Colleague: 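Would you mind keeping the following structure in view while I ask a few things?
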Amino acid sequence: MDDPFEIDEFAASPEMRLADAPVSAPDYLANLNAEQREAVETLDGPLLVLAGAGTGKTRVLTTRLAHLLQVKAQTEHLHPQQILAVTFTNRAAKEMQERVAHALGHPVEGWWLGTFHSLAARLLRRHAELIGLQSNFSILDSDDQVRLLKQIMDAEQIDQKKWPAKQLMGIIQRWKDKGLSPDRVNESVEFANGGAKYLYKVYQQRLSVLNAADFGDLLLHCLTLFQKHPEILRRYQETFRYILVDEYQDTNVAQYLWLRALAMVHRNICCVGDDDQAIYSWRGAEVGNILRFESDFPGAKVVKLEQNYRSTPHILAAASKLITFNDGRLGKELWTELDTGEKVFVKGVWDGPAEARLVGEDIEALQSKGIGAAKMAILVRAGFQTREFEERLITLGIPYRVIGGPRFYERHEIRDALAYVRMVAQPDDSLAFERIINVPKRGVGKATLQILHQYSRDQSVSLPMAARDLIGTEELKPKMRQAIGGLLGDFTRWREMLTNRSHVEVLETVLDESGYTDMWRTSKEIEAAGRLENLKELVSAIGEYENLTTFLEHVSLVMENEQNTDQEKVTIMTLHGAKGLEFDYVFLPGWEEGVFPHQRAMDESGVKGLEEERRLAYVGITRARKRATVSYAANRRIYNQWQSALPSRFVDELPDEHIERISDTGLGGHGGNHSPGAWGSDDWMKMPSWADETPRRDSYGSGGSKTGSGGSSTGGERRFASAGWQDRVRKNVIDVKPNGETSYSTNSKSSKYKVGDAVRHRKFGPGTVRAVDGNKLEIDFEDVGTKKVVDSFILPG
DNA sequence: ATGTACAAGATTTTT
DNA sequence: TCTTGTACAT
């Protein structure tokens, strides 16, 4: 085995050292107090930086890295390769790379900087054979994982209606997050479903046969490797003299074990995190890691950073207040020296489109003041919410970019093409083989595939191997033998091509000769042209990598959506994606019960889930430097059905003195003294519905006979969301129980009226229903003509 | 082996 | 409502 530790090579090339580094990097510590500064500047020993939002976590990390690379490089000949720096996203890693380069005045190469997964993969590739894989093992994405499990379950004849593969995969991945290999699951998981344990074992065996690893394996295999080969662990422990970890609160148990193992010898581990920003527990993250730090690493210094440099006092106060509704926090008092600034805006609107319009208008207003679009962001809870805003911004002609949307590498044609690449680079990649065996159509169908699977399972070989064996037999029909044999022959040829041609050329040949490009060229699909474009893009992308294996690893682990950031664009992304970022102006739409906090979070994890949602809200608000605008809609279309929604409880939890509630709807006061003109216009959406009357549904509970002007109406303009009715309504609607169950009675999704019904409206009088759209009705009134109204205002005729 | 028809389920968040 | 998967027919 080659010596896996490049560090030894380094020792022979001292010219690589950073002796030429400028002695004083830019002073990133200027804003810390003396004590904090000392702790951060002390480079040896364990250090935990507990930092609130916007207090300069990354800055501390950068400073420390710069100091290491500068001071230690000179005094103790520390080489970058002895540093292990873990960030949470690839984006953060890139940023760190740039920041450090900037601080030192020159780029740094060779250090172990990246996400847990990419670093673990890098380590694992060197020792793959020790844990039963070849070094070119393929990394399965979640899609492949589920497909593989499905195959196994088919073979085991397990009812997938009762036990969906996807769900079981979730259980298995959770075990992996906890660092439990199949053996250890049997020991330590008591109440778990025995079937899942069994499947886990079979799944793992199958992965090994296929020379594949899934995401969780990257870390898990490392742990196994360390356990079985202490001498290897020892060498890495000695190699990594300094370990730095960002976003420590979001590490899972496997990651924690991995870090702890590696940090054991030098103990120079520095972690940075904020327990209030733990938003990944659904992925197995364990906040306990950060709470346990001091006992894990005796003598650890703990620094709390509480001065916020990012947000204005109002924003900070609003976020701080919100997060106090959570229990069990470490607790921090964030403060700032910045000027007061604007209050947090809280806006209620009628429905989703109105919300998008509102945000659009605000953005335009900001732009007309000369503020660049890049300084603004729309942060949504879930991916599907981006669409509304995209549409709006398109019509307004405002440039935007969506981060984390449908990814390039997840597109149909790209996945197919990648399957070809995988088959060339990794001959035993069963899942890739299965994907393309009949794409383009080669007449290979279910029956043939089944025979292959059967054989592959019985003989414990990969699918391509099975095919290779079977085409020599009478098992398959001659036609099939020819088709599959031809394909396998092609792959052999393409693999040979790799030796004397560039991989770009090989990819082009493969796509060409396999008939894949032709398939799309002759396709009648409207999207075919676009797909061909994407394929071209893939070919050019692959050119940026040394070889197919590095390219594939990049695809599975890095998978970032490269976006040119040079242009001024409004950013649209999920709250999760926004972690660690900041913007001057932040829009936080969709703060409605069920959407945010998300219903499923509460259903599945009860109070814990709710608290995580609240932390997410906290993250959202604290992204804003100058202004945060929260908004919620009273009606939202889900599955193309109108549903009325309640403002999020988080809206209530924001402190009144730091927010400014603005209502789109309280135009005419209450009491119904509206001029008929307003009602007759197309502006029906601006109907002051709740000022007058709560949109009442049967499911709200029977008790509430109070209507109208309850709550805090004070004459004149009535605020959109008086706490009164929110509380009243909410208590009847959502009730999170400590055991994790939630009872949630959804508001009626569609109207109880249908076309032709005779109805009456308290202002418009009698009429007939002409059309129904969810709970919106179009009614021909006898006196005032056709109007659109909401059914809650309607009484049976 | 492929295409059609009907039914069921779907929309958290991501390395 | 739309998409996806399954059953059945060709």
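Lettering follows sequence order; numbering is per chain, from 1. Model, not experiment: these values are computed from the prediction.
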Colleague: Name the orientation class of the two ring planes belonging to A:Tyr280 and A:Trp282 (parallel below 30°, tilted from 30 to 60°, perpendicular beyond 60°).
Modeller: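 If you compare the ring of A:Tyr280 with that of A:Trp282, the planes turn out tilted.
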
Colleague: How many Å lie between CE on A:Met169 and C1' on B:dT14, as a whole number?
Modeller: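 Between C1' of B:dT14 and CE of A:Met169: 15 Å.
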
Colleague: Once salt bridge (Lys or Arg N to Asp or Glu O under 4.0 Å) is applied, do any residues pair with A:Glu653, and if so which ones, sequence neighbours excluded?
Modeller: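 Residues passing salt bridge (Lys or Arg N to Asp or Glu O under 4.0 Å) with A:Glu653: A:Arg614.
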
Colleague: Which nucleotide, B:dT14, B:dA1, B:dT2, lies nearest any side-chain atom of A:Met480?
Modeller: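 Of the candidates, B:dA1 comes closest.
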
Colleague: Taking 4.0 Å as the cut-off, does a side-chain nitrogen or oxygen of A:Asn90 come that near to OP1 or OP2 on B:dT14?
Modeller: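 No, outside the criterion.
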
Colleague: Can you sort out the partners of A:Tyr200 under side-chain hydrogen bond (donor to acceptor under 3.5 Å, both in side chains), two or more places apart, ordered by chain and number?
Modeller: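 Testing A:Tyr200 for side-chain hydrogen bond (donor to acceptor under 3.5 Å, both in side chains), a comparison that skips the adjacent residues, returns none.
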
Colleague: Pick base, sugar-phosphate or nothing for A:Phe88, based on heavy-atom distances below 4.0 Å to the nucleic acid.
Modeller: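 The answer is sugar-phosphate, as A:Phe88 gets under 4.0 Å only of primed atoms, P, OP1 or OP2.
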
Colleague: Would you mind reading off the distance between A:Gln173 atom CD and B:dT15 atom P, rounded to a whole angstrom?
Modeller: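 After rounding, the reported distance stands at 15 Å.
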
Colleague: Round to a whole Å and report the spacing from CD of A:Gln145 to C1' of B:dT15.
Modeller: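 Those two atoms, CD and C1', are 11 Å apart.
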
Colleague: List in chain and number order the residues that pass side-chain hydrogen bond (donor to acceptor under 3.5 Å, both in side chains) with A:Gln97, two or more places apart in sequence or in another chain; answer none if no residue qualifies.
Modeller: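 Once residues adjacent in sequence are excluded, A:Gln97 has no partner under the side-chain hydrogen bond (donor to acceptor under 3.5 Å, both in side chains) criterion.
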
Colleague: Just the rounded figure in Å: distance from P of B:dT11 to CZ of A:Phe596.
Modeller: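 That distance rounds to 20 Å.
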
Colleague: How long is the line joining CG of A:Leu616 and C1' of B:dT14, in whole Å?
Modeller: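 Value for this atom pair: 13 Å.
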
Colleague: Tell me, which of residues 279-287 of chain A have any heavy atom that sits under 4.0 Å from an atom in DNA chain B?
Modeller: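 Heavy-atom cutoff 4.0 Å gives A:Tyr280, A:Trp282, A:Arg283.
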
Colleague: Tell me: CG of A:Asp143 to P of C:dT4, nearest whole Å?
Modeller: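 In whole Å, C:dT4 P lies 12 Å from A:Asp143 CG.
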
Colleague: Tell me whether A:Asp144 is salt-bridged to A:Arg422, with the criterion being a basic N under 4.0 Å from an acidic carboxylate O.
Modeller: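 Result for this pair is yes, salt bridge flagged.
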
Colleague: If you measure from the P atom in B:dT11 to the same atom in C:dT4, how many Å do you get, rounded?
Modeller: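 To the nearest whole Å, 10 Å.
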
Colleague: Would you indicate which nucleotide in B:dT14, B:dT2, B:dT15 comes nearest to any side-chain atom of A:His576?
Modeller: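 The answer is B:dT14, which lies nearest to the side chain.
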
Colleague: Assign A:Thr448 to base, sugar-phosphate, or nothing according to its heavy-atom contacts below 4.0 angstrom with the strands shown.
Modeller: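 Sugar-phosphate: the residue A:Thr448, judged by heavy atoms under 4.0 Å, touches backbone atoms but no base.
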
Colleague: Is any side-chain N or O of A:Thr89 closer than 4.0 Å to OP1 or OP2 of B:dT14?
Modeller: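 False: A:Thr89 side-chain N/O out of range (4.0 Å or more) of B:dT14 OP1/OP2.
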
Colleague: What is the distance, rounded to the nearest whole Å, between atom CZ of A:Arg174 and atom P of B:dT15?
Modeller: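 So the two atoms are 16 Å apart, to the nearest Å.
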
Colleague: For A:Arg125, which residues count as a salt bridge (Lys or Arg N to Asp or Glu O under 4.0 Å) partner, sequence neighbours excluded?
Modeller: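 With neighbours one apart ignored, the set is A:Glu553.
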
Colleague: Regarding A:Asn252, tell me which of base, sugar-phosphate or nothing describes its non-hydrogen contacts under 4.0 Å with the strands shown.
Modeller: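 No contact.
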
Colleague: For A:Arg381, what residues pass the side-chain hydrogen bond (donor to acceptor under 3.5 Å, both in side chains) criterion, not counting sequence neighbours?
Modeller: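 side-chain hydrogen bond (donor to acceptor under 3.5 Å, both in side chains) check on A:Arg381 returns A:Glu613.
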
Colleague: Side chain of A:Phe384: nearest nucleotide among B:dT15, B:dT11, B:dT2?
Modeller: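 So the nucleotide nearest the side chain must be B:dT11.
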
